[in-house]
Amino acid sequence: MHSNCLLITPHKQKERKMVGQREAEQPIIPSVLLLPLPLQGPINCFLKLAHLLSLSSDHLNITFLNAEFVHQRLLDLPSRFPHVKFSQFSDGISGDEPRTPAKFPAMVGFLQAEISRRLPEFMESPAPATCLIADGVFTSVGERANELGIPVVYFSTLSPCCVWASCFLVPKLVDYGELPFKKGMDLDEPVSDIPGAADTSLRWCDLPGICRTYDMTDPYVQLVLKEFRELPNAQGHILNTFDDLEEPLLSELRLLCPNLYTIGPIHLHSRTRQQLESEQRITSNSLWQEDRSCIAWLDAQPSGSVIYVSFGSVVPLTMDQLTEFWYGLVNSGTRFLWVRRSGMVVEMEESEEISLQVPTEILEGTRDRGFIVKWAPQEEVLAHRAVGGFLTHSGWNSTLESIVEGVPMLCWPNGIDQLVISRFVGDVWKIGIDMKDICDRGVIEHMVIDLMKGRKDEFSRRANRLSKLAGEAVREGGSSWRALHRLIEDIKFMRLEVPKDKF
Ligand code: UDX
């Protein structure tokens with residue numbers, strides 16, 4: 001990789017500086033473009049990053065490339081981020097149409113083309129872009145930026161354990177002819193005959209979502225494979241993690257991507273800096289209206305008694321799965337707070353749910369011990385003293401938010417990086433249970449009881465230890481604090497260089 005890229009002013013930037021000096025005797029101001037994937041998790045991460053970068057706003061121009069759909073749902077962004085310029089663009093999907101997983105490949109393709117086309121606009125004076133920070137999925141935009149002489153840093157908002165598995169294991173699986181999986185293969189077997197895999201406890205069923213395909217020509221699979229092949233070509237990589245959580249894997253990742261900035265957990269980092277700077281708490285980045293009535297309900301519950309249930313912003317549920325979860329939760333006798341976002345259940349219109357034939361004992365159990373909302377202020381919920389466990393789809397943001405609050409997890413992963421994360425929660429960090437590929441009311445009931453009672457102490461002890469380490473990482477002098485400082489300095493002093501062969 002380009003370890004020699006640091007500490008030298010890029011060739012094209014030098015050229016531009018000379019031109020600038022001749023015209024106006026003004027040096028170039030470091031200007032960073034932020035390009036998130038317009039989905040809830042990545043948007044959260046990029047807005048927190050914008051906040052952290054804006055702490056040096058006197059030295060840094062920040063432009064946030066925001067999908068119109070996101071911008072319209074977060075109209076207060078310009079007032080909340082006075083130092084950030086927001087530039088809007090279409091994501092190719094009309095209006096409020098749901099951004100479902102099936103639409104991702106087309107959406108990412110559209111965005112890559114649209115942003116690549118518009119990149120030259122951001123090269124113009126008075127503050128031409130000197131660095132692009134893009135979600136790791138936008139490798140074509142990254143290539144185009146390099147052609148224009150703009151250094152690129154990818155921010156992979158997926159979990160680093162999945163990035164690691166995708167960069168090191170998946171290419172080998174393809175080479176060894178193990179992908180696509182053979183029909184009838186036992187996915188519970190460990191992945192042991194692939195070099196590098198023996199040191200982990202990953203089974204075939206724990207590999208990233210794309211490994212489950214039976215069609216390697218699927219456009220989504222191709223997109224993801226391309227992303228991970230091209231990821232190392234950037235001049236730097238930001239990861240939302242902290243060194244103490246994933247160190248052995250991070251060392252291996254550094255072999256491929258030497259310039260890693262591990263600045264997470266980014267939401268805690270942003271919150272800690274706000275407290276330091278005595279800033280007002282940044283209000284929500286939620287793309288849906290938060291129902292705060294759940295906080296009043298939690299206030300009335302005993303400490304550690306409630307399991308919080310949420311499957312994030314994109315995972316769909318079938319009607320059967322919804323029913324199994326509902327029975328499992330009610331039969332466990334545990335109090336629960338459940339986020340059931342609009343459109344979460346496939347095969348069903350929102351209005352139909354009301355007229356569902358739900359058995360009386362389920363409705364009564366829910367009334368006695370349950371509370372259901374469409375969208376919750378999740379960080380606040382997880383930090384609430386009444387919450388003792390989290391039934392989650394294992395999205396990376398949810399997982400980190402749970403780790404930060406020391407809340408043990410029951411994981412029901414759906415795809416993408418969630419399959420790897422849930423294995424790490426259950427088997428590496430040992431702060432919860434991985435329910436992978438099972439959706440049965442009896443299993444759910446017993447696992448909920450195990451999480452909230454049977455194994456509560458052992459999980460909580462380890463989760464609290466990780467929570468403490470996360471706090472140390474983002475405090476002044478901690479590993480994430482230092483990584484952020486280095487990132488800002490590298491951007492400010494334009495130490496990131498595009499290798500000459502790239503433009
Ligand atoms: C997607 C992918 O599904 C996931 O695998 C990947 O790791 C990140 O991108 P998503 O499914 O939305 O993300 O899950 P997650 O990463 O957990 O992000 C959800 C975000 O929404 C969290 O920050 C959470 O705090 C927030 N949220 C969720 C709310 O604010 N309120 C809710 O009611 C539910």
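Atoms within a ligand are numbered from 1 in the order they appear, just like the ligands themselves. Atom set for the values below is all heavy atoms of this structure, side chains included, hydrogens, waters and symmetry mates excluded.
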### Message
Looking at Glu97, I'd like to know if its CD atom is crowded, meaning that more than 12 non-hydrogen atoms belonging to other residues, nucleotides or ligands lie closer than 6.0 Å.
### Response
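Yes.
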So, does [X] sit close enough to ligand 1 that a heavy atom of it is under 4.0 Å from the ligand?
X      : value
Val314 : yes
His393 : yes
Ser286 : yes
Val315 : no
Leu39  : no

### Min side-chain heavy-atom separation Pro316-Met344 under 4.5 Å
no
### Message
Using the rule given for salt bridge (Lys or Arg N to Asp or Glu O under 4.0 Å), can you reason through Arg212 versus Asp437, listing the C-alpha separation, both sets of side-chain angles and the distance that settles it, and then say yes or no?
### Response
CA-CA 12 Å; Arg212 295 193 172 198; Asp437 297 327; 2.9 Å; yes
Show which side-chain atoms of residues 137-145 pair as donor or acceptor with protein atoms under 3.5 Å away, not counting sequence neighbours.
| residue | atom | partner | partner atom | Å |
| --- | --- | --- | --- | --- |
| Thr139 | OG1 | Glu230 | OE1 | 3.4 |
| Ser140 | OG | Lys226 | NZ | 3.1 |
| Arg144 | NH1 | Glu147 | OE1 | 3.0 |

Subset of ligand 1 atoms that lie under 4.0 Å from at least one heavy atom of [X]:
X      : answer
Ser398 : 15 (P), 17 (O)
Gln40  : 20 (C), 21 (O)
Asn397 : 15 (P), 16 (O), 17 (O), 18 (O), 22 (C), 23 (O)
Ser310 : 34 (C)

### Task
Classify the contact between Trp338 and ligand 1 as side chain, backbone, both or neither, using a heavy-atom distance cut-off of under 4.0 Å.
neither
### Message
Show me the pairs that pass side-chain hydrogen bond (donor to acceptor under 3.5 Å, both in side chains) and involve residues 404-416, at least two apart or across chains.
### Response
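Of all non-adjacent pairs touching residues 404-416, those that pass side-chain hydrogen bond (donor to acceptor under 3.5 Å, both in side chains) are Arg271-Glu405.
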### Query
N/O of Glu379 under 3.5 Å from N/O of ligand 1, yes or no?
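The answer is no, given that Glu379 and ligand 1 share no N or O pair closer than 3.5 Å.
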